[in-house]
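Quick notes on the structure that follows.
We count residues from 1, following the sequence as given. Below, all heavy atoms of this structure are taken into account, side chains as well, without hydrogens, waters or symmetry copies. Treat the numbers as computed from the prediction; the structure is a model and nothing was measured.
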Amino acid sequence: MGVVASLNNQKQGFETGNDTIVVPRVLETVIGGRTLDTTDYKPEVIKAGSVVIKEDSTGNHKPMPVNASGDAYAALPSGHSVVGVVISTVDTKKPFVGISIRGSVNEAASPYPPTTAIKNALPLINFFKE
């Protein structure tokens with residue numbers, strides 16, 4: 001069974017004003033975007049600049065896990081690979097995302113600091129601090 005997301009329109013507000021500051025340049029994307037598997041993902045929104053990973057065995061795309069204190073990424077789960085970054089902030093209940101695989105990400109405005117391993121896994125993304 002693939003990833004399932006609700007299409008019901010439940011009102012919820014969240015801030016998207018920094019999306020173009022976090023991801024100012026998108027040169028290439030995963031064509032068609034993806035619906036992320038948000039099982040066990042704790043934050044209520046998936047912010048622009050969040051790292052997307054893919055489970056090797058199922059092909060399901062997911063947001064990179066966040067640590068218990070919610071201020072950094074957790075370790076990359078085994079059997080997963082890094083794919084790219086979320087282009088625009090979305091509700092976790094409607095995790096339909098565009099994924100940048102080549103472009104720029106403002107590291108200073110990212111929701112969580114990208115690790116060296118993440119940067120190495122995304123060589124076509126220019127992580128910069130400004």
Side-chain angles (χ1 to χ4, degrees):
M1 179 173 139
V3 178
V4 178
S6 172
L7 295 174
N8 293 333
N9 287 324
Q10 299 168 336
K11 290 187 177 184
Q12 178 182 355
F14 50 87
E15 178 62 42
T16 61
N18 286 339
D19 288 5
T20 58
I21 295 169
V22 179
V23 185
R25 186 175 302 130
V26 176
L27 300 173
E28 188 175 356
T29 66
V30 171
I31 295 173
R34 292 293 181 269
T35 300
L36 301 184
D37 177 355
T38 56
T39 306
D40 298 326
Y41 188 71
K42 302 298 180 212
E44 291 185 14
V45 295
I46 303 165
K47 295 182 179 180
S50 294
V51 173
V52 176
I53 61 174
K54 180 170 122 178
E55 187 173 5
D56 300 333
S57 63
T58 65
N60 285 350
H61 288 69
K62 306 174 179 183
M64 178 78 167
V66 178
N67 67 11
S69 54
D71 60 358
Y73 290 113
L76 178 67
S78 65
H80 289 72
S81 54
V82 177
V83 175
V85 297
V86 173
I87 298 169
S88 300
T89 300
V90 297
D91 187 329
T92 304
K93 294 180 185 99
K94 289 189 175 187
F96 316 120
V97 299
I99 304 169
S100 177
I101 57 175
R102 185 165 65 116
S104 298
V105 172
N106 185 342
E107 201 174 317
S110 291
Y112 312 104
T115 63
T116 301
I118 289 170
K119 292 177 187 179
N120 289 340
L122 299 172
L124 299 178
I125 300 219
N126 174 32
F127 289 92
F128 67 95
K129 292 182 182 179
E130 212 169 279

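- Here the closest heavy-atom approach between residue Val90 and residue Lys94 is recorded as CB-O, 3.8 Å.
- Lys129 NZ to Ser110 OG: the interatomic distance, rounded to the nearest 0.5 Å, is 10.5 Å.
- Arg34 has its side chain out of reach of Val52: every pair of non-hydrogen atoms, C-beta onward, lies at least 4.5 Å apart.
- With sequence neighbours left out, Ile87 forms a side-chain contact (heavy atoms from CB on, under 4.5 Å) with Val26, Thr29, Ser100.
- Ile46 places a side-chain heavy atom less than 4.5 Å from the side chain of Tyr41.
- Within the 4.5 Å cutoff, no side-chain heavy atoms of Pro114 are placed close to those of Val105.
- The environment of Asn120 atom CG is dense: over 12 non-hydrogen atoms of other residues, nucleotides or ligands sit within 6.0 angstrom.
- Between Thr92 and Pro63 there is no side-chain heavy-atom pair separated by less than 4.5 Å.
- Looking at Thr115, its side chain does come within 3.5 Å of a backbone N or O of Ile118 through a donor-acceptor pair.
- Two residues are said to be in side-chain contact when any heavy atoms from C-beta on lie closer than 4.5 Å; Leu124 and Ile101 fail this criterion.
- In terms of heavy atoms, His61 sits closest to Val83 at CD2-CG2, 4.0 Å.
- Side-chain contact check for Lys47 versus Val22: every heavy-atom pair is 4.5 Å or farther apart.
- With contacts defined as side-chain heavy-atom distances shorter than 4.5 Å, the pair Leu76/Met64 qualifies.
- Inter-residue side-chain proximity for Val66 and Lys42 is flagged as unmet; no heavy-atom pair is nearer than 4.5 Å.
- In this structure, OG1 in Thr38 is found 9.5 Å from NZ in Lys93, a value given to the nearest 0.5 Å.
- Legend: side chain to side chain donor-acceptor pair (under 3.5 Å) pairs involving residues 70-79, not counting sequence neighbours, sorted by first then second residue: Asn67-Asp71, Ser69-Asp71.
- Across every non-hydrogen atom of Pro113 and Ala72, the tightest pair is CD-CA, 4.4 Å.
- Checked by atom type and distance alone, the side chain of Asp19 pairs as donor or acceptor with a backbone atom of Thr89 at under 3.5 Å.
- Of all the heavy atoms in Ile53 and Pro77, the pair that sits closest is CD1-CD, 3.9 Å.
- Residues that satisfy the side-chain contact (heavy atoms from CB on, under 4.5 Å) test with Asn126, not counting sequence neighbours, are Ser104, Phe128.
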Begin with the C-alpha distance, continue with both residues' side-chain angles, and end with the deciding distance and a verdict on side-chain contact (heavy atoms from CB on, under 4.5 Å) for Tyr112 and Val51. CA-CA 9 Å; Tyr112 312 104; Val51 173; over 6 Å; no
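- For the atom pair CZ of Arg25 and CD1 of Ile125, the computed distance is 12.0 Å after rounding to the nearest 0.5 Å.
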